[in-house]
Structure formats: structure tokens, C-alpha cells
Participant: 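Take this structure first; my questions come after.
Start at 1 and go down the list; that is how both ligands and their atoms are numbered.
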Amino acid sequence: MQGSSEQGGFYKLSMTERVKLLQKLTGLSEEEVKTLRQTGGLPEEVADRMIENVVGGFTLPLGMAMNFLINGKDYIVPMALEEPSVVAGASYAAKIARAKGGIKVTNTGPVMIGQVQAVGIKDPKAAKAKLVSRREDILAKANAQDPLLVSLGGGAKDLNVKVIDSIKGPMVITELFVNCGDAMGANAVNTMAEAVAPLVEEITGGTVLLRIISNLADKRLVRATAVFDKEAMGGAEVVDGVVQAYAFADADPYRCATHNKGIMNGVVAVGIACGQDIRALEAGAHSYASRSGKYKPLTKWEKNKDGDLVGTLEMPMAVGLVGGAAKVHPAAKANVKILGVRTATELAEVMGAVGLIQNLAALRALASEGIQKGHMKLHARNIAASVGATGKQIDVIANQLIAEKKIRMDRAKEILDSMKA
Ligand code: NAD
């Protein structure tokens with residue numbers, strides 16, 4: 001850092017001015033500036049509107065997972081991520097599932113929860129009763145904010161009021177259940193929660209503080225299931241291995257975190273490719289996994305009477321096709337077109353299917369040859385590139401690292417140096 005980060009008017013500058021200032025402050029080279037300025041198909045002016053203090057773009061590799069058959073329909077699945085083996089694993093496992101009819105997915109509808117926190121209430125139980133009795137008024141006030149959503153069959157459909165104990169005493173929480181249609185719904189729900197706040201204060205005599213969506217989207221679930229033929233899995237031992245791996249995750253949060261991370265490898269990669277709020281997806285997934293008070297797997301693996309493996313996944317999937325980046329990012333729009341989904345719930349179902357398949361890909365590898373074999377093959381190329389190999393050098397070095405079973409940077413550097421010499 002060659003200057004102060006206290007730059008009050010940074011947001012007022014144009015992108016070019018910001019980059020110039022950044023270069024002065026940090027000593028970025030012209031080449032580095034050029035790299036950052038590339039927005040990977042996202043027009044600069046769109047990028048500049050999406051977030052604040054924009055100086056450029058950040059591109060991830062975009063891969064297509066093949067072989068997906070979901071609810072009888074074929075899908076090519078775009079995945080944007082940096083991790084090797086994920087796209088290959090998804091394609092491989094989707095092919096196994098295809099032989100037994102593919103993945104079947106259902107959903108609970110696109111309902112999100114908006115929370116209104118009221119404090120300073122003398123008789124919280126009485127306040128709760130009053131709020132429940134004014135249900136229609138509260139829902140009407142919420143729905144008045146979004147006539148378009150209501151006209152499409154969505155809107156605030158129901159209400160839940162709960163009294164919770166907190167370290168600051170009891171609080172009365174009013175929850176709006178909003179059918180968000182094809183929207184992820186955070187803006188829509190937040191607007192409704194804010195709008196009903198004065199009414200909640202009037203009814204309860206309390207003070208409303210937070211008015212915000214909950215990312216524990218347990219009224220917007222997807223359930224995916226698939227059968228994996230035992231021979232295609234590599235035999236009964238591998239099937240048993242996957243069931244044992246699931247039992248491990250079910251019993252131990254340290255394993256379970258990685259089990260669920262493997263699911264999110266797929267869910268998040270499709271989410272990024274299709275312009276979704278992946279922080280919301282992660283928050284929903286992990287809070288749902290913890291809903292019993294213990295952190296649990298989002299999938300379940302068992303053996304059926306034929307000895308085949310049966311997997312099921314259940315998790316929240318708050319995604320949208322209108323609003324957010326899905327509507328403004330040209331690459332996201334192209335990816336949604338590739339995927340061919342017509343509604344947000346169809347997108348949610350596909351992402352649930354990918355989560356299940358991705359989990360199987362990782363568990364199958366873990367239960368058979370171990371994850372590193374496939375992973376490190378792809379990784380070897382990255383390692384070769386990271387020590388400065390270019391063009392054909394990358395494959396030559398990667399192959400040698402694999403042959404020597406030394407997929408390490410120091411060895412890659414040695415080979416590169418010897419090639420140069
Ligand atoms: P939005 O407000 O841009 O779009 C939703 C609106 O689109 C609806 O209110 C409706 O009026 C309209 N609409 C048109 N056609 C529709 C259809 N077929 N179905 C449903 N609505 C239709 O976006 P949003 O989905 O309300 O909000 C999503 C954004 O909010 C994301 O970018 C997310 O990152 C952001 N966000 C998230 C959180 C959170 O998750 N905690 C909090 C704040 C903001």
C-alpha cells in the first residue's frame with residue numbers, strides 16, 4: 001500500500017478514475033490493471049450499476065455438466081467455479097443416475113419468510129393474539145406493496161406470530177409468508193416487511209426494529225431423489241462405502257460440514273452461472289442442516305432391495321429468474337437459456353438435482369479410489385501453470401508430476417527449470 005485507504009469520494013469517480021487512483025495507491029502494473037478491467041462479457045456500465053466502487057470484473061471458468069436427466073427432461077448444466085473435478089464429477093454421476101431414469105425432484109413452492117421484530121411490549125402473549133386477529137389487515141398492507149406480484153398469483157399468503165425469549169427479553173416476531181413466484185424475493189419481501197411495520201407498532205404498542213427476509217427458507221424446499229445402479233457404481237462395496245460415508249456425516253459435524261460442502265460445490269456453481277445470490281443459498285442450506293439443533297447432512301444415502309444406491313436431498317433453494325443478477329448479467333441470461341428453465345421453481349429443482357449428483361460424485365470417489373486421484377490430475381495442470389509453465393509445457397510438466405506421483409509446486413518448478421535449461 002503506497003497511500004491511505006481513506007478515500008471518501010471513491011464512489012463518485014468514474015471507473016477509469018478509480019482504477020488510476022487504485023494504481024497510484026497500490027502500485028498495480030499496467031498489465032494488472034488491464035486484467036482487472038476485463039469484465040468477462042459484462043458491460044462496464046452494467047457492472048458499475050450492480051455494486052459500488054467498481055474497478056472491473058472477475059471471471060471464473062464456465063463449464064457445462066452433461067448427462068442430466070431431471071423429471072424426464074434433458075439439461076445441459078452451466079457451472080461457474082474455480083475447483084477442478086466438480087464439472088467432471090457432476091457429468092459422471094449424472095450419467096450413472098440416467099440409467100435408472102435420472103433424478104426426480106419436487107418442490108414446496110416459492111414461499112419466503114419476512115420477519116418483523118417488535119420489542120418493548122408489556123404483554124407479548126396478548127400482542128400476539130391481537131396481531132393474529134388482524135391477519136387480513138396485515139396481509140392486505142403487505143400485498144398493496146406489490147400489485148404486480150399479486151396479479152401473477154404471488155404475494156403475502158399467510159402470517160405467523162411468535163413470542164421469542166432473547167438476552168434482551170421477550171420479542172414478538174411477525175412472519176409474513178410470501179409466495180415470490182419467479183423472484184428470489186428478498187427485495188419484494190423486505191418491502192412488505194417494512195410496509196407492515198407501522199401497523200404492527202399500532203397493534204402491539206411496541207417498537208419495531210428489524211424488518212427483513214429470513215434466509216432459512218424452509219418453506220421453499222426442493223426434494224431430489226435418484227437411484228444409482230450398483231454395477232455402474234463400481235460394485236456392492238462402493239455402494240456400502242457411500243452408505244457408510246453418509247452414516248459418518250450423520251454422526252459427526254466435522255465430516256458433515258465437508259459432506260454438505262460437496263453438495264454446495266454443485267449448487268453454488270450453477271447459482272453463480274445463473275446469477276443467483278449464493279450467500280442466500282449457503283445461509284439457507286447450512287441453517288436448514290442445523291434445524292434440529294444438530295448439524296446434519298442435506299442428503300441421505302441408502303441401499304434398496306436390489307442393492308442399488310438410493311440418494312435423496314432436501315434443502316431450501318431460494319432462486320429467481322426476475323430481479324437480481326439473473327436479469328441483468330448477460331452471461332447469467334445466456335446460461336439460463338442453455339439450462340432451458342422456464343420458472344424459478346424449475347431452476348430450484350435443477351439445482352437440487354445437481355446438489356444430489358455432486359454429493360454422489362464426491363462420495364463415490366471417496367468410497368472407491370479416494371478423491372485425490374481424480375482431483376490431483378486436474379490440479380497438476382494448475383500447479384504447472386502456477387510456477388510459470390505456458391502452452392505445451394503445462395501438459396508435459398503435469399504428466400511428469402502425475403507419473404512421479406509428486407503433484408507439488410517445488411517439483412513442477414524443478415521440471416520447468418530443467419526444461420528451460
Ligand atoms: P426484484 O425486486 O428485483 O424483483 C422482484 C419483483 O419483480 C417482484 O416484487 C415483482 O414485482 C416483479 N416481478 C415481475 N415478474 C415477476 C414474476 N414472474 N414473479 C415474481 N415477481 C415478478 O428482486 P427480488 O427477487 O425481490 O430480490 C432479489 C435480490 O435481493 C437479490 O439480488 C438478492 O441478492 C437481494 N437481497 C437479498 C437479501 C437476503 O437474501 N438476505 C437481502 C436484501 C437483498
Participant: Is there at least one pair of N or O atoms, one from R279 and one from ligand 1, spaced under 3.5 Å apart?
Facilitator: no
Participant: Which residue owns the protein heavy atom closest to atom 19 (N) of ligand 1, what's the atom, and how far is it?
Facilitator: D182 N, 2.9 Å
Participant: Has ligand 1 got any nitrogen or oxygen that is less than 3.5 angstrom from a nitrogen or oxygen of G323?
Facilitator: no
Participant: Has K73 got more than 12 heavy atoms of other residues, nucleotides or ligands less than 6.0 Å from its NZ?
Facilitator: yes
Participant: Minimum distance, heavy atoms only, to atom 10 (C) of ligand 1: which one of T343, V322, D146 is it?
Facilitator: D146
Participant: Run down the list L149, T191, N187 and name the one with the heavy atom closest to atom 1 (P) of ligand 1.
Facilitator: N187
Participant: Going by the atom numbers of ligand 1, which of them fall below 4.0 Å from some non-hydrogen atom of C180?
Facilitator: 19 (N), 20 (C)
Participant: Can you tell me the protein heavy atom closest to atom 5 (C) of ligand 1 and the distance?
Facilitator: A183 CB, 3.7 Å
Participant: Starting from atom 12 (C) of ligand 1, which protein heavy atom do you reach first, and at what distance in Å?
Facilitator: L148 CD2, 3.9 Å
Participant: Side chains of T343 and T345 only: does a donor on one sit below 3.5 Å from an acceptor on the other?
Facilitator: yes
Participant: Donor-acceptor check, side chain of E314 to backbone of R223, threshold 3.5 angstrom: yes or no?
Facilitator: no
Participant: Quick test: of every protein heavy atom, which one is nearest to atom 40 (O) of ligand 1, and how far off is it to 0.1 Å?
Facilitator: N215 ND2, 2.9 Å
Participant: Could D306 and K230 be called an ion pair, given the rule that one side-chain N must be under 4.0 Å from one carboxylate O?
Facilitator: no
Participant: What about G185: any of its N or O atoms under 3.5 Å from an N or O on ligand 1?
Facilitator: yes
Participant: Heavy atom to atom 15 (N) of ligand 1, shortest distance: which of L321, D277, L152, V150 holds it?
Facilitator: L152
Participant: When you measure from atom 32 (O) of ligand 1 to every protein heavy atom, which one gives the shortest distance, and what is it?
Facilitator: G324 CA, 3.5 Å
Participant: Does K100 form a salt bridge (Lys or Arg N to Asp or Glu O under 4.0 Å) with D308? I'd like the steps, not just the answer.
Facilitator: CA-CA 10 Å; K100 292 267 174 185; D308 295 330; 3.1 Å; yes
Participant: State the atoms of ligand 1, each with its element, that fall below the 4.0 Å cut-off from a heavy-atom position in N190.
Facilitator: 42 (C), 43 (C)
Participant: Give the C-alpha distance, both sets of side-chain angles, the deciding distance and a yes or no for side-chain contact (heavy atoms from CB on, under 4.5 Å) between T299 and H259.
Facilitator: CA-CA 9 Å; T299 53; H259 180 101; 2.7 Å; yes
Participant: Would you mind telling me which of V242, L309, V310 makes a side chain to side chain contact (heavy atoms under 4.5 Å, CB included) with F228?
Facilitator: L309
Participant: Any Lys/Arg nitrogen of D74 or R98 sitting under 4.0 Å from an Asp/Glu carboxylate oxygen of the other?
Facilitator: yes
Participant: Using a 4.0 Å cut-off to any heavy atom of I213, which atoms of ligand 1 qualify?
Facilitator: 39 (C), 41 (N)
Participant: Looking only at distance, does A188 have an N or O less than 3.5 Å from an N or O of ligand 1?
Facilitator: yes
Participant: For V55 and F10: C-alpha separation, side-chain torsions, deciding distance, then whether side-chain contact (heavy atoms from CB on, under 4.5 Å) applies.
Facilitator: CA-CA 10 Å; V55 298; F10 195 73; 4.2 Å; yes
Participant: Please check if atom CG in L60 has more than 12 non-hydrogen atoms from other residues, nucleotides or ligands closer than 6.0 Å.
Facilitator: yes
Participant: Quick test: of every protein heavy atom, which one is nearest to atom 38 (C) of ligand 1, and how far off is it to 0.1 Å?
Facilitator: A186 CB, 3.4 Å
